[in-house]
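Below: one structure, written as structure tokens.
Numbering of residues begins at 1 and proceeds along the displayed sequence. The basis for the numbers below is simple: all heavy atoms, side chains too, and nothing from hydrogens, waters or symmetry mates.
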Amino acid sequence: MRSAKLYRYELPMDSGVILRSQRLVTREGWVVELRDGDKVAFGEIAPLPEFSNETAAQAGEQAQQQLESWIASEDAAFDLNDTYPSVAFGLSVAELELADGLPAEGNYLVAPLCSGDPDDLVEQLNQMPGEKIAKIKVGMYEAVRDGIVANMFIEAIPDVKLRLDANRKWTPIKAQQFAKYVKPEHRAGIAFLEEPCMTPADSLAFAKETGISIAWDETVRDEGFEVKAEDGVVAIVIKPTLVGSVARCISLVEQAHAVGLTAIISSSMESSLGLNQLARLSQWQTPAVIPGLDTMQLFKAQLESVWPDCDLPVIPLSALEVVWQK
Ligand SMILES: O=C(O)CCC(=O)C1=CC=C[C@@H](O)[C@@H]1C(=O)O
Ligand SMILES: [Mg+2]
């Protein structure tokens, strides 16, 4: 016997969280609860403003329609072919969990995300055991400054592997200005630079000219994207909330591995509930890779499940508004 609920959540964010052009004051989304007999499972549906094409309201409405059909059947699976990516991800992860298909163990090693003071990150990396990987946003200030900061990290921590992310902000000239300040012998300290330029073609040319490896993130979501081996490209970033169902994410991981690319499961600023499921997906599908999940620090509260070593207050699902149930 099936039953389901849809909860609505709003979580306060840390004051400094800026998406492409706007401050994100509260994170809004939905949690779906599926029950079948004595089994229960959850999934989070949280379109990310300025990154998702759907709004939270549109996703909530579509989730409700899907749940109506799910409830009406005894054993039919969700039909996620024409759903928004955030809805496809949240429903498919809940469905998988209900079928005991999502292993419990998570990959909680994170690539620390630096959006503030670089000195804090140097300190954190120096204390990090094992592989020293960090993610730094670039493209927000002067390209020259970004080059100097990257160079400084690589000089200060010789075995560091930086993941840089320019989110397509640079013109080819700006990207060159950045590269000029990273000494050629230091370029191997950059694991990859995500989406340096406004177009994939310019990013590929940048990789070829500078010897700095790049990774696709936005490009993975472009119409007609195909996973292939290209000179200078070493990784693809998979953000399930923006990409779609668990099956689609796994297919991307498999295609990446087949052509020798690293696949990195990454957050779209889900709450701790969704983030824990991403850590489990990452451990299951990309166990040897550090995922891009260091986004709990951007929140002021957790939702239902606790993220390891996070002291933020936890809001239980029972405190949320149930907007639909059957
Ligand atoms: O990839 C990571 O390590 C963390 C996630 C992350 O950096 C982002 C998530 C969602 C939106 C953006 O603000 C940002 C990104 O640009 O990739
Ligand atoms: Mg990015």
Side-chain angles (χ1 to χ4, degrees), residues 14-21 23 108-198 202-218 231-237 262 264 266-267 269 289-298 309:
D14 195 71
S15 57
V17 180
I18 301 195
L19 293 178
R20 291 211 168 102
S21 61
R23 193 172 288 276
Y108 295 106
L109 290 171
V110 292
L113 186 61
C114 171
S115 29
D117 186 349
D119 290 340
D120 292 347
L121 185 59
V122 171
E123 185 60 35
Q124 201 178 338
L125 285 170
N126 273 326
Q127 281 163 23
M128 202 168 164
E131 229 182 346
K132 294 184 196 297
I133 291 190
K135 172 152 179 175
I136 307 178
K137 293 260 147 200
V138 294
M140 303 211 282
Y141 307 101
E142 283 304 305
V144 170
R145 175 192 184 268
D146 290 330
I148 294 170
V149 168
N151 205 57
M152 182 276 284
F153 272 109
I154 302 167
E155 271 180 2
I157 312 158
D159 48 351
V160 80
K161 286 279 175 195
L162 298 178
R163 293 177 181 176
L164 306 174
D165 185 3
N167 283 333
R168 292 187 169 176
K169 291 253 174 59
W170 287 330
T171 58
I173 291 173
K174 286 241 159 96
Q176 283 298 343
Q177 284 171 354
F178 162 82
K180 214 175 107 186
Y181 281 86
V182 185
K183 293 184 193 148
E185 67 269 28
H186 286 165
R187 291 184 186 175
I190 298 175
F192 54 74
L193 168 50
E194 288 174 37
E195 306 273 352
C197 300
M198 287 163 195
D202 283 347
S203 291
L204 285 169
F206 168 86
K208 208 173 272 173
E209 282 156 22
T210 61
I212 295 174
S213 303
I214 62 168
W216 298 135
D217 177 5
E218 281 82 349
D231 273 352
V233 180
V234 295
I236 63 168
V237 173
T262 301
I264 297 167
S266 183
S267 116
M269 300 196 192
V289 175
I290 298 191
L293 302 179
D294 191 26
T295 46
M296 219 38 248
Q297 43 148 331
L298 306 175
D309 300 325

- Message: As an exercise, state the distance from CD of E218 to CE of M198, rounded to the nearest 0.5 Å.
- Response: 12.5 Å
- Between the CD1 atom in I212 and the CZ atom in F178, the distance rounded to the nearest 0.5 Å is 5.0 Å
- Message: Within the 4.5 Å heavy-atom criterion, are K183 and N151 side-chain neighbours or not?
- Response: yes
- Task: Please report the closest heavy-atom contact between I290 and V110, naming both atoms and the distance.
- Result: CG2-C, 3.5 Å
- Answer yes or no: is there a side-chain heavy-atom contact under 4.5 Å between W216 and E195? yes
- Nearest atoms (heavy-atom pairs only) where D146 meets M140: OD2-N, 4.3 Å
- Query: Taking C-beta and beyond as the side chain, do E131 and K161 meet within less than 4.5 Å on heavy atoms?
  - Reply: no
- Message: Check whether R163 reaches the backbone of I133 with its side chain - one donor and one acceptor, N or O, closer than 3.5 Å.
- Response: no
- May I have the step-by-step check of side-chain contact (heavy atoms from CB on, under 4.5 Å) for V149 and Y141, ending in yes or no? CA-CA 11 Å; V149 168; Y141 307 101; over 6 Å; no
- Note on the structure: Taken to the nearest 0.5 Å, the spacing of I157 CD1 from E123 CD works out to 9.5 Å
- Item | Validation row: P112, M128 side chains within 4.5 angstrom (heavy atoms) | yes
- Considering only heavy atoms from C-beta outward, does the side chain of L193 approach that of F206 to under 4.5 Å? yes
- Item | Y108, OH: over 12 other non-hydrogen atoms inside 6.0 angstrom | yes
- Message: Set out, in order, the CA-CA distance, both residues' side-chain angles and the distance that settles side-chain contact (heavy atoms from CB on, under 4.5 Å) for Q176 and E209, then state yes or no.
- Response: CA-CA 9 Å; Q176 283 298 343; E209 282 156 22; 2.7 Å; yes
- Message: Give me the atom names and distance for the closest heavy-atom approach of S267 to L293.
- Response: N-CD2, 3.6 Å
- Query: Is the closest side-chain heavy-atom distance between V138 and W170 below 4.5 Å?
  - Reply: yes
- Message: I'd like to know whether CG of D159 has more than 12 heavy-atom contacts from other residues, nucleotides or ligands below 6.0 angstrom.
- Response: yes
- Message: Any non-hydrogen side-chain atom of V233 less than 4.5 Å from a side-chain atom of L204?
- Response: yes
- Message: Does either side chain, that of E142 or that of Q177, offer a donor lying less than 3.5 Å from an acceptor on the other one?
- Response: no
- So how far is it from I236 CD1 to S266 OG, rounded to the nearest 0.5 Å? 11.5 Å
- CD1 (I214) and CG (D231) are apart, to the nearest 0.5 Å, by 10.0 Å
- Task: Please name the pair of heavy atoms, one in G232 and one in A207, separated by the smallest distance, quoted to 0.1 Å.
- Result: CA-CB, 4.0 Å
- Query: Should I190 and I154 count as side-chain neighbours, where that means a heavy-atom distance under 4.5 Å?
  - Reply: yes
- For L113 against Q297, the heavy-atom pair lying closest together: O-NE2, 3.4 Å
- Message: Please check this pair: side chain of R20 against backbone of N167, looking for a donor-acceptor N/O pair closer than 3.5 Å.
- Response: no
- Residue pair D294 / A111: nearest heavy atoms and the distance that separates them: CB-O, 3.5 Å
- Message: To the closest 0.5 Å, what do you measure between CG (D14) and CZ (R23)?
- Response: 9.5 Å
- Message: Set out, in order, the CA-CA distance, both residues' side-chain angles and the distance that settles side-chain contact (heavy atoms from CB on, under 4.5 Å) for V234 and T262, then state yes or no.
- Response: CA-CA 6 Å; V234 295; T262 301; 5.6 Å; no
- Message: Using only atom types and a distance under 3.5 Å, with no angle test, would you say the side chain of K132 pairs donor to acceptor with the backbone of L125?
- Response: yes
